[in-house]
A.B. asks: 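Sharing a structure here in structure tokens format.
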Amino acid sequence: MEAPVKDVDNLDLNSDSEDVVNPWNVTSASEKGVDYDKLIKRFGSCRIDSDLISRFEQITGKKVHHLLRRGVFFSHRDLDFILNVYEQKKPFYLYTGRGPSSEALHVGHLIPFIFTKWLQDVFDVPLVIQLTDDEKFLWKDLKLEEANNLSFINAKDIIACGFDPNKTFIFSNLNFIGQCPEFYRNIVRIQKCVTFNQVKGIFGFGDSDVIGKIAFPAVQAAPALSSSFPFIFGQTSNVPCLIPCAIDQDPYFRMTRDVVPRLNYHKPALVHATFIPSLQGASTKMSASDSNSAIFLTDTPKQIKNKVNKHAFSGGQPTIEEHRSKGGDCSVDVSYQYLKFFLEDDEKLESIGKQYASGELLTGELKKILIETLQPIISEHQMRRSKITDEDVRLFMTPRALNFKFN
């Protein structure tokens, strides 16, 4: 396992690399997408290697999730520490989130929640899910009430992933700050530890940015302090947390990891996911603002079929003859890349890759496999979501004690 690298405060998010990766923008000059090896070095995280995966399986007694063994979750900070905590039968919790900027989530938004749900089941630990409606109000062209309402709507899609209401608390920042004084007190404690020069260095804020943006990183940091949730952990608790998230969210938690030891809390541990590419190719991630770049959780089977057939970037050759001769490039083919996220059968995925690379499998045939993989996943999610009531959402969003084995 790679040696940990010290967290860095004033890290240039874009450096001199061709890739741009920050909480608000992800682009790559390469058709193969972000260079994650370079990103690990730039961000100072650690690669999730085979030794760490083996230790995970040994300690939990579970085969790791396909998103972990395929390197979709590829990087970490202190995951080994969390495994130690679990092995010692000590408590920890999970923390993840969603920025509610649109009514419809796309399949890329599902990835952290699918993996977090699996982690919750494996470790049997509590989970807090932050809906950053305040952030979206500050960054997007949304009214405050609209952003707040979107958090309630998005919560239904999150709940539909199958989270246990006895172990899961979902909260809107705009609501929770008024409900829980301890949450706001921790925000202020964090704000006092970070200078304007530091947030400029970490996030690239400028003189024309509204002060709400400058203050916001402390809000995303506060759930990493267990005392922000006294109804779950107690007011003086110091329970460590593990944060599954996409790698673009890491700057928030580099800042957090620098601050919280000064407040006598554990640094949060993280596992980072790669990005699911847009349908047009891996140079950008899916966007909720471009309906043709993404498969949405509201799409019908026909819409999924049309989007994949029309927009999914192909790694195949210009003609059938050339493709049979030279084969396709799985590293840039969007349909194959999506199958890495959503097709659970390892042997089938490997076989498809070999057939496509050899030219035996044509692009149209590969797209058909993806369509037939995605359609039931989306349909089943829609069915589960249709059963989520407003009362269910209110239950998940009510501050309350949670049931978990470390209580």
Side-chain angles (χ1 to χ4, degrees), residues 18-21 25-37 39 66-67 70-72 74 104-111 246 273-379:
E18 295 176 336
D19 297 333
V20 175
V21 178
N25 188 22
V26 176
T27 58
S28 174
S30 169
E31 66 176 8
K32 293 186 179 181
V34 171
D35 186 327
Y36 292 105
D37 289 326
L39 202 60
H66 72 272
L67 292 174
R70 291 179 190 166
V72 172
F74 72 104
L105 276 65
H106 57 60
V107 292
H109 295 136
L110 269 186
I111 299 304
T274 60
F275 305 111
I276 189 166
S278 75
L279 286 170
Q280 286 78 9
S283 59
T284 59
K285 66 174 184 177
M286 281 189 173
S287 171
S289 61
D290 182 356
S291 62
N292 290 326
S293 76
I295 304 295
F296 288 88
L297 301 186
T298 52
D299 284 346
T300 65
K302 182 178 180 180
Q303 286 174 317
I304 294 169
K305 179 179 179 180
N306 290 341
K307 283 185 178 182
V308 171
N309 283 332
K310 185 176 181 180
H311 299 293
F313 184 81
S314 169
Q317 303 299 330
T319 66
I320 292 178
E321 291 75 16
E322 282 187 76
H323 187 85
R324 296 292 191 200
S325 171
K326 300 177 181 178
D329 185 350
C330 292
S331 68
V332 300
D333 191 284
V334 163
S335 295
Y336 182 78
Q337 293 303 312
Y338 279 28
L339 288 173
K340 287 175 64 177
F341 286 83
F342 294 105
L343 182 62
E344 295 186 17
D345 189 322
D346 289 337
E347 291 184 2
K348 187 174 181 181
L349 180 68
E350 183 180 4
S351 175
I352 290 168
K354 287 179 178 178
Q355 291 179 60
Y356 191 62
S358 71
E360 179 184 349
L361 190 71
L362 298 175
T363 295
E365 294 169 329
L366 179 58
K367 288 186 174 185
K368 185 173 184 290
I369 294 171
L370 175 63
I371 291 164
E372 292 174 349
T373 301
L374 285 178
Q375 284 175 332
I377 291 173
I378 303 301
S379 294

A.B. asks: In terms of side-chain heavy atoms, does Tyr336 have a donor or acceptor partner in Ser331 at a distance below 3.5 Å?
C.D. replies: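 Checked: Tyr336/Ser331 side chains show no N/O donor-acceptor pair below 3.5 Å.
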A.B. asks: Is it true that a side-chain atom of Ser325 and a backbone atom of Glu321 form a donor plus acceptor pair closer than 3.5 Å?
C.D. replies: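 No, because the side chain of Ser325 does not come within donor-acceptor range (under 3.5 Å) of the backbone of Glu321.
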A.B. asks: Tell me, please, which residues at least two apart from Phe313 pass ring pair (Phe, Tyr, Trp, His ring centres under 6.0 Å).
C.D. replies: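 Result, ring pair (Phe, Tyr, Trp, His ring centres under 6.0 Å) vs Phe313: none returned.
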A.B. asks: Tell me, please, which residues at least two apart from Asp299 pass salt bridge (charged side-chain N to carboxylate O under 4.0 Å, His left out).
C.D. replies: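 Partners of Asp299 under the salt bridge (charged side-chain N to carboxylate O under 4.0 Å, His left out) test: Lys307.
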A.B. asks: So does Gly316 get a backbone contact from the side chain of Tyr356, meaning a donor-acceptor N/O pair under 3.5 Å?
C.D. replies: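 A pair under 3.5 Å: yes.
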A.B. asks: Tell me every residue that passes salt bridge (charged side-chain N to carboxylate O under 4.0 Å, His left out) with Glu350, counting only those two or more places apart in sequence or in another chain.
C.D. replies: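 In terms of salt bridge (charged side-chain N to carboxylate O under 4.0 Å, His left out), with neighbours along the sequence ignored, Glu350 is linked to Lys354.
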A.B. asks: What pair of heavy atoms forms the shortest contact from Gln337 to Pro277, and how long is it?
C.D. replies: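 Answer, listing the atom of Gln337 first, then Pro277: CB-CG, 4.4 Å.
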A.B. asks: Sequence neighbours excluded, which residues qualify as ring pair (Phe, Tyr, Trp, His ring centres under 6.0 Å) partners of Phe342?
C.D. replies: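 For Phe342 there are no ring pair (Phe, Tyr, Trp, His ring centres under 6.0 Å) partners, ignoring immediate neighbours.
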A.B. asks: Drop me the distance from His323's NE2 to Ser358's OG, to the nearest 0.5 angstrom.
C.D. replies: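 Going from NE2 on His323 over to OG on Ser358, the span is 7.5 Å.
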A.B. asks: Using ring pair (Phe, Tyr, Trp, His ring centres under 6.0 Å) as the criterion, list what pairs up with His311, not counting sequence neighbours.
C.D. replies: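 Partners of His311 under the ring pair (Phe, Tyr, Trp, His ring centres under 6.0 Å) test: none.
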A.B. asks: Only counting residues at least two apart or in another chain, list the ones meeting salt bridge (charged side-chain N to carboxylate O under 4.0 Å, His left out) with Glu372.
C.D. replies: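 Testing Glu372 for salt bridge (charged side-chain N to carboxylate O under 4.0 Å, His left out), a comparison that skips the adjacent residues, returns Lys368.
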A.B. asks: Could you go step by step and tell me if Ile295 and Val308 meet the side chain to side chain contact (heavy atoms under 4.5 Å, CB included) rule?
C.D. replies: CA-CA 8 Å; Ile295 304 295; Val308 171; 4.2 Å; yes
A.B. asks: For His106 and Phe296, take the angle between the two ring planes, folded into 0 to 90°, and tell me which bin it lands in: parallel under 30, tilted 30 to 60, perpendicular over 60.
C.D. replies: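 Correct class here is perpendicular.
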A.B. asks: So does Glu344 have more than 12 non-hydrogen atoms from other groups sitting under 6.0 Å from CD?
C.D. replies: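 Not buried by this count: 12 neighbours or fewer within 6.0 Å.
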A.B. asks: Judged by modelled atom types alone, do Gln375 and Ser379 share a side-chain donor-acceptor pair under 3.5 Å?
C.D. replies: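 Per modelled atom types, Gln375 and Ser379 side chains form no pair under 3.5 Å.
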